[in-house]
Number of protein chains: 2
Amino acid sequence: MLTLTRKTEYGLIAVCHLARVGQKVTSARDIAEEHGVPLPLLMNVLKKLNRTGHVSSVRGARGGYVLNVSPKKFTLGGLIEAVEGPVNLVRCTGTIKENRRCGLTQSCTIRKAVVKVHVRLRQFLDEVTIADLAFDDPQAAGFAIPQVLAQ
Amino acid sequence: MLTLTRKTEYGLIAVCHLARVGQKVTSARDIAEEHGVPLPLLMNVLKKLNRTGHVSSVRGARGGYVLNVSPKKFTLGGLIEAVEGPVNLVRCTGTIKENRRCGLTQSCTIRKAVVKVHVRLRQFLDEVTIADLAFDDPQAAGFAIPQVLAQ
DNA sequence: TTGAATTAGCACCTCGCCGATGCTATATTC
DNA sequence: GAATATAGCATCGGCGAGGTGCTAATTCAA
């Protein structure tokens, strides 16, 4: 639970790939084959990321995609939002305009506290950049990965 | 996206209520009526929290529930895990025993970095306690809530 | 000029899970 | 014994994630 969707997983893989190759135009097919990701799904995600402006596309033979924002400015939160839509820890963290209040909003005794947690979560997600993920520095982070997860 | 389920929302409301009333046995009905939460669903959640040992139940007339762990030791991450199951930012953060690896695990170029993010997310969720949420201190936290969310 | 390669934009479908409901059994109080 | 509450299932509807397919538009290269 609290799991990213596969679209986001594929998006992460693609965007990190594009970050590593720099300004070289890379086709969805190349990325899919190199990482063993299903091509049609990867294309869906890249189309979406093109619409949000995070990548630019080049059509036609020898076409493909190029990262359109700096990997250091492109955050995990930004990617999730582009692919999955707005992050909301609870339903009532959306704006009034989005009509994302639940019936309890007026009397809810925990809303204010939860909103604080939500804001901190968003900050957390916006502190992780694509550059961090693409060029992972084993020395960095300053904490050990639990043994069960260490592959 | 990245949204807690309603079960968790109801669980949060219930657990915070129990934290506030201390050791007084409180029925699901009382909690539901006070917070305008659907009773049957709240009961489902409380049953689950009883099974996980986070609350104790008293059967029969004048029965109800009591918090079974200290609000300062009971974390948001613990509640989510109790109600929704294990938190996994991506599928491959589960243990090998749980067989939660995807086909890319061996060659995945971003797994290590994402696992780091996952671990930090878990730490974040385990730093937020039920006490923090139940006895929200408006002065605390040290940052402002964005205007659009401030009700 | 034609064909292959590649992205753009839909429409659609399926399956799992969240959310919700209902019923029966068990325990306790009055 | 009646009323109150929890325990434990079993089930069911609806929505969204995940996945598939088709057509159009664009570009390169032989």
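Note that the coordinates shown come from a computational prediction; the quantities given were computed from them, not determined experimentally.
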Could you state the atom-to-atom distance from OH of A/Tyr65 to P of C/dA5 in whole Å?
17 Å
Just to confirm, is there a sub-4.0 Å distance from OP1 or OP2 of D/dA5 to any side-chain nitrogen or oxygen of B/Arg29?
yes
By nearest heavy atom, map B/Leu39 and A/Lys7 onto DNA chain D; which one lands nearer the 5' end?
B/Leu39
Touch check for B/Asn50, heavy atoms < 4.0 angstrom, all strands: base, sugar-phosphate only, or nothing?
sugar-phosphate
Pick the closest DNA chain D nucleotide for A/Pro38 and for A/Val58 by heavy atoms, then say which residue is nearer the 5' end.
A/Pro38
Using a cut-off of less than 4.0 Å, is there contact between a side-chain N or O of B/Tyr10 and OP1 or OP2 of C/dC18?
no
Would you say the side-chain atoms of B/Glu84 pair up with the backbone N or O of B/Thr5, donor to acceptor, closer than 3.5 Å?
yes
Using heavy atoms to find the nearest nucleotide of DNA chain C for A/Ala61 and A/Asn44 separately, return the residue whose nucleotide is more 5′.
A/Ala61
B/Arg59 side chain near C/dA25 phosphate (N/O to OP1/OP2, under 4.0 Å)
no
Considering just the side-chain nitrogens and oxygens of B/Ser57, establish if one lies under 4.0 Å of OP1 or OP2 belonging to D/dA5.
no
Will you find, in the side chains of B/Asn88 and A/Thr3, an N or O donor that is under 3.5 Å from an N or O acceptor?
no
Is any side-chain nitrogen or oxygen of B/Arg62 closer than 4.0 Å to OP1 or OP2 of C/dC30?
yes
Rounded to whole Å, NZ of B/Lys47 lies from P of C/dT21 at a distance of 13 Å
Mind checking whether B/His17 and B/His35 have parallel, tilted or perpendicular rings, split at 30° and 60°?
perpendicular
Can we say A/Glu81 and A/Arg122 salt-bridge, meaning some charged N sits less than 4.0 Å from an Asp/Glu carboxylate O?
yes
Please check the phosphate of D/dG18 (OP1 and OP2 only) for any side-chain N or O of A/Thr5 closer than 4.0 Å.
yes
